[in-house]
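Below: the structure, in structure tokens.
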Amino acid sequence: MEKKRPVALITGAANNIGRACAHEFAKDYFVILADLQDASKVVDEIGDNAICVKGDVSDPKDCRAWVRTAEKFGSLKCLVHSAGITARATPIEKLPLVEWEAIIRVNLTGSFLIAQAAIPALRRTRCASILLISSRAGKTGFAALGVNLNASKAHYSASKAGVISLTKSLAVELASDKIRVNSIAPGPIEGTMLPKAQWVEISKRVPLGRLGKPEEIAAAAYFLCSSKAEFITGHILDVNGGALMD
Ligand SMILES: NC(=O)c1ccc[n+]([C@@H]2O[C@H](COP(=O)([O-])OP(=O)(O)OC[C@H]3O[C@@H](n4cnc5c(N)ncnc54)[C@H](O)[C@@H]3O)[C@@H](O)[C@H]2O)c1
């Protein structure tokens, strides 16, 4: 009989990076695919060892419900938080407060809420870990891409800078519980967040000459959550084709 698998809770798992993480982690973990959208297609792709749960990462009740569901399937070993939303580039003086708050609410407050909900369950598991997806934009600001210097996604980059800082604070705070906390800061990745019409132009600004693939983020996420990375915590891993060498 197969040994009971550890459980990985993956947010944003209906699409792209989260979906690729679901496939990667399903090799060894029982995966809980959490998303605002229905992720049952991804469950079908994976087969056994996956279920999906719907909800909003910016709602603390949904986050707690996801964790309760996860613990029904075994010990929660990792939280991979990929759910996030992007923003339209806007001159800062024209940026409505409601748009600023919506981005901060999902990307930053959502990271806090899902971590907060998962920590008690992760503490009950030996050597657990949290992996938050931030962004290269959280390190450099969005205007650094140079697409349009008169408008930026200041709210998006500020939210992701917050995720980077949250990662480091949690890494210190949770170290005595042996919970490791890391982040991946992806550069431009294939998917719907970046309009396909811009891919060629964006690729020209990436030293490796292309966009990344969601599977490449998933492979790095899997490593950071694995026992091979047991001495790595508080790290922000650039996976960006050389677009930023930090
Ligand atoms: N694609 C890129 O180029 C890129 C680059 C850097 C960072 N990132 C970050 O990587 C993460 C994943 O990006 P992606 O390309 O897979 O995006 P995506 O839009 O393809 O997928 C994001 C998923 O998150 C879900 N989601 C959105 N809001 C949610 C909420 N409130 N509650 C629950 N689920 C919610 C969506 O339904 C979707 O399935 C995001 O955090 C994004 O900011 C992406």
Side-chain angles (χ1 to χ4, degrees), residues 9-24 32-43 52-67 79-88 101-115 117-118 130-142 144-145 147 153 155-164 166-167 183-196 198-199 201-203 205-206 210-218 220-221 236-241 243-244:
L9 172 59
I10 301 172
T11 73
N15 288 293
N16 216 36
I17 293 174
R19 172 176 167 266
C21 289
H23 279 275
E24 185 73 29
I32 312 291
L33 315 189
D35 204 293
L36 211 48
Q37 295 174 32
D38 178 18
S40 54
K41 257 173 55 189
V42 186
V43 171
C52 59
V53 283
K54 261 180 99 170
D56 183 345
V57 76
S58 68
D59 180 340
K61 284 199 299 304
D62 287 354
C63 292
R64 287 194 294 267
W66 293 345
V67 172
L79 164 66
V80 178
H81 175 46
S82 182
I85 52 174
T86 191
R88 64 191 176 106
E101 286 181 340
I103 291 279
I104 300 290
R105 176 88 201 164
V106 175
N107 291 356
L108 179 55
T109 309
S111 301
F112 153 66
L113 290 173
I114 189 61
I130 297 176
L131 190 276
L132 305 174
I133 304 289
S134 55
S135 174
R136 184 206 56 85
K139 292 186 164 189
T140 62
F142 204 79
L145 257 183
V147 182
K153 299 188 182 182
H155 40 346
Y156 180 78
S157 2
S159 73
K160 293 299 188 175
V163 173
I164 288 170
L166 180 68
T167 301
S183 176
I184 293 174
I189 304 299
E190 291 177 3
T192 53
M193 263 200 185
L194 299 170
K196 215 163 185 173
Q198 292 178 9
W199 287 12
E201 201 47 44
I202 292 171
S203 300
R205 282 179 261 117
V206 177
R210 65 172 175 87
L211 270 64
K213 297 184 185 311
E215 294 74 20
E216 292 170 319
I217 304 300
I236 316 300
L237 183 64
D238 293 324
V239 183
N240 61 27
L244 171 73

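Remember, it's 1-based here, ligands and their atoms both numbered in the order they're listed.
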Run the side-chain hydrogen bond (donor to acceptor under 3.5 Å, both in side chains) test against H155 and tell me which residues pass, sequence neighbours left out. none
Show me the short polar-atom pairs for ligand 1: any N or O of it lying under 3.5 Å from a protein N or O, with distances only.
unit_1, atom_1, unit_2, atom_2, d
ligand 1, 3 (O), I189, N, 2.9
ligand 1, 3 (O), I189, O, 3.4
ligand 1, 15 (O), N16, ND2, 2.9
ligand 1, 16 (O), I17, N, 2.9
ligand 1, 31 (N), D56, OD1, 2.8
ligand 1, 32 (N), V57, N, 2.9
ligand 1, 34 (N), L36, N, 3.2
ligand 1, 37 (O), D35, OD1, 2.5
ligand 1, 37 (O), Q37, NE2, 3.1
ligand 1, 39 (O), N15, ND2, 2.9
ligand 1, 39 (O), D35, OD1, 3.3
ligand 1, 39 (O), D35, OD2, 2.6
ligand 1, 41 (O), S82, O, 3.0
ligand 1, 41 (O), K160, NZ, 2.8
ligand 1, 43 (O), Y156, OH, 2.6
ligand 1, 43 (O), K160, NZ, 3.1

Side-chain donor/acceptor of D35 to backbone N/O of D38, under 3.5 Å: no
For S134 and S183, which I'm curious about, is there any donor-acceptor pair between the side chains at under 3.5 Å? yes
With sequence neighbours excluded, residues passing side-chain hydrogen bond (donor to acceptor under 3.5 Å, both in side chains) with S58: D56
Residues forming a side-chain hydrogen bond (donor to acceptor under 3.5 Å, both in side chains) with D238, sequence neighbours excluded: K139
Does the distance from a Lys or Arg side-chain N to an Asp or Glu carboxylate O, for R19 and E215, drop under 4.0 Å? no
